[in-house]
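Report on the structure given below.
Only heavy atoms go into these numbers, but all of them, side chains included; no hydrogens, no water, no symmetry mates. As the structure is a prediction and not an experimental result, all values here were calculated from the model.
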Amino acid sequence: LDSSLGRSNDSILHHIMIASPIYYLLGLLSLLFVDHGTLAFSTAAPHKSTRTMTVMGRDAISAVSASTTSTEETDTTLTEKEQNVQDFFQKLHQSGHPFRVIVVGASGGILETTHVLGPTFKKTIQDDSKKLLTMATADQSFEFHVNLCQVAKLALVQKSHQDKVLRVLRLTNAQDASVCSLILAESDDEKRQDAAAAFFESLVQDYGNSHEF
C-alpha cells in the first residue's frame with residue numbers, strides 16, 4: 001500500500017511539473033494581452049495628460065498659471081468683436097502705464113481715478129449681454145469693470161492743455177454714448193513720459209485715430 005501511494009504521488013508530481021510551465025506561459029500571455037490593451041488606451045489620449053501631470057509635479061504653480069492663461073486666450077464664449085475689445089484692454093494692462101480713468105454716470109455723476117490697470121485682469125461672463133472685464137489691484141482697493149458687450153468704438157485723441165499734452169482713449173458704444181475715457185497719466189520722469197508717448201503712438205499705428213471693434 002505504501003509503495004502504491006508513493007507511485008501515485010510521483011505520478012501527480014510528474015503531471016504538475018509538466019502542466020506548470022503551460023499555466024505559467026498562459027499567465028504571461030494573459031498579462032501581456034491586458035498590458036497591451038492598457039497601453040493602447042493610454043497612448044490614445046491620456047498619455048499626454050500623464051506627462052503634463054509630471055510637469056505640474058515639478059512646478060505646480062507655474063503649470064496652473066500657464067493653464068489658466070491658455071484658457072483665457074482660447075475662450076470661445078466671446079464674439080470676435082468682444083475678443084478684440086479684450087485684446088485692446090490687455091495691451092493697456094500689460095503696458096504698466098497708469099491711466100486716469102473717467103466714467104460719467106447716466107444720472108450725471110462723474111468718477112475719476114488714476115491707476116495702473118492691474119495686476120488683476122480677468123473676465124466674468126454672466127450671460128450673452130453681460131461679459132465683464134475686471135482690472136483691479138490685488139487688494140481690490142481699485143476695481144475697474146467694463147462690459148465687453150457694450151464697447152463698440154475707440155477714438156485716440158492727442159491735444160495740448162495748459163502746457164501739457166493729453167493722450168486720451170475714448171470708448172463708446174454702438175450709439176456713440178460714452179462708456180469711459182482713459183488718459184495716459186502725466187509723469188515728471190522724462191523717460192516715463194517718453195515711454196507713455198511712444199505707447200500712445202503704437203496704439204495709433206494699430207488702431208488709427210478712430211476704430212470700430
Side-chain angles (χ1 to χ4, degrees), residues 62-159 161 165-186 195-213:
S62 297
V64 170
S65 176
S67 175
T68 304
T69 303
S70 175
T71 302
E72 290 296 316
E73 290 174 353
T74 58
D75 199 330
T76 57
T77 54
L78 298 179
T79 65
E80 183 178 356
K81 179 187 80 69
E82 292 159 358
Q83 184 64 55
N84 290 338
V85 175
Q86 178 175 283
D87 291 344
F88 169 74
F89 275 104
Q90 190 160 29
K91 289 183 179 183
L92 308 188
H93 161 71
Q94 292 176 339
S95 74
H97 291 297
F99 292 85
R100 186 158 190 80
V101 182
I102 304 171
V103 179
V104 180
S107 59
I110 300 174
L111 173 64
E112 294 188 30
T113 186
T114 302
H115 214 283
V116 295
L117 304 182
T120 298
F121 184 89
K122 66 178 182 178
K123 65 176 173 293
T124 306
I125 298 177
Q126 298 180 5
D127 54 50
D128 288 341
S129 63
K130 197 166 187 180
K131 302 174 183 180
L132 295 179
L133 179 65
T134 298
M135 291 152 281
T137 54
D139 63 359
Q140 298 182 324
S141 58
F142 164 80
E143 292 186 72
F144 177 36
H145 308 280
V146 178
N147 189 349
L148 298 172
C149 305
Q150 294 297 318
V151 181
K153 301 175 184 179
L154 166 69
L156 298 172
V157 180
Q158 182 171 293
K159 60 182 181 179
H161 178 71
V165 177
L166 298 181
R167 298 176 178 90
V168 185
L169 295 66
R170 291 177 181 157
L171 295 156
T172 56
N173 62 18
Q175 290 75 42
D176 293 324
S178 176
V179 174
C180 64
S181 292
L182 300 98
I183 304 174
L184 268 163
E186 290 286 315
F199 175 69
F200 185 84
E201 288 303 317
S202 72
L203 292 178
V204 174
Q205 289 178 6
D206 290 341
Y207 298 97
N209 291 113
S210 61
H211 176 78
E212 287 194 25
F213 291 104

Checklist entry - For K81, which residues count as a salt bridge (charged side-chain N to carboxylate O under 4.0 Å, His left out) partner, sequence neighbours excluded? => result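 Salt bridge (charged side-chain N to carboxylate O under 4.0 Å, His left out) check on K81 returns nothing, list empty.
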Item to check | From T77 atom OG1 to D128 atom CG, the distance as rounded to the nearest 0.5 Å | outcome: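 Answer rounded to 0.5 Å: 9.5 Å.
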Item to check | Separation between CD of E82 and CD of Q86, rounded to the nearest 0.5 Å | outcome: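 Answer rounded to 0.5 Å: 9.5 Å.
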Within a strict 4.5 Å, meaning less than it, do heavy atoms of the [X] and [Y] side chains meet?
X    : Y    : result
E201 : R167 : no
F88  : Q83  : no
L78  : I125 : yes
K91  : F89  : no
Q126 : L132 : yes
L92  : L203 : yes

Item to check | Residues L169, Y207; criterion side-chain contact (heavy atoms from CB on, under 4.5 Å); working and verdict | outcome: CA-CA 11 Å; L169 295 66; Y207 298 97; over 6 Å; no
Next on the checklist: For E80 and N84, which I'm curious about, is there any donor-acceptor pair between the side chains at under 3.5 Å?
Outcome noted: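 No - no donor-acceptor pair under 3.5 Å links their side chains.
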Checklist entry - Within a radius of less than 6.0 Å around CG of D127, do more than 12 heavy atoms belonging to other residues, nucleotides or ligands occur? => result yes
Tabulate below the donor-acceptor pairs under 3.5 Å that side-chain atoms of residues 97-119 make, not counting sequence neighbours, or state none.
| residue | atom | partner | partner atom | Å |
| --- | --- | --- | --- | --- |
| R100 | NE | E112 | OE1 | 2.9 |
| R100 | NH1 | T114 | OG1 | 2.7 |
| R100 | NH2 | E112 | OE1 | 3.1 |

Checklist entry - What's the verdict on side-chain contact (heavy atoms from CB on, under 4.5 Å) for V204 and N209, showing C-alpha distance, side-chain angles and the deciding distance? => result CA-CA 6 Å; V204 174; N209 291 113; 4.1 Å; yes
Please list, one pair per line, the donor and acceptor atoms closer than 3.5 Å that link side chains of residues 133-153 to other protein atoms, with sequence neighbours excluded.
| residue | atom | partner | partner atom | Å |
| --- | --- | --- | --- | --- |
| T134 | OG1 | H145 | ND1 | 2.8 |
| T137 | OG1 | D139 | OD1 | 2.8 |
| T137 | OG1 | Q140 | N | 3.3 |
| T137 | OG1 | S141 | N | 3.1 |
| T137 | OG1 | S141 | OG | 3.2 |
| T137 | OG1 | F142 | N | 3.2 |
| D139 | OD1 | S141 | N | 3.0 |
| D139 | OD1 | S141 | OG | 2.8 |
| E143 | OE1 | H145 | NE2 | 3.4 |
| N147 | OD1 | K131 | N | 3.2 |
| N147 | OD1 | C149 | N | 3.1 |
| N147 | ND2 | S129 | O | 3.1 |
| K153 | NZ | D176 | OD1 | 2.8 |

Checklist entry - Given Q158 and V165, is the side-chain contact (heavy atoms from CB on, under 4.5 Å) satisfied, shown in steps? => result CA-CA 7 Å; Q158 182 171 293; V165 177; 3.6 Å; yes
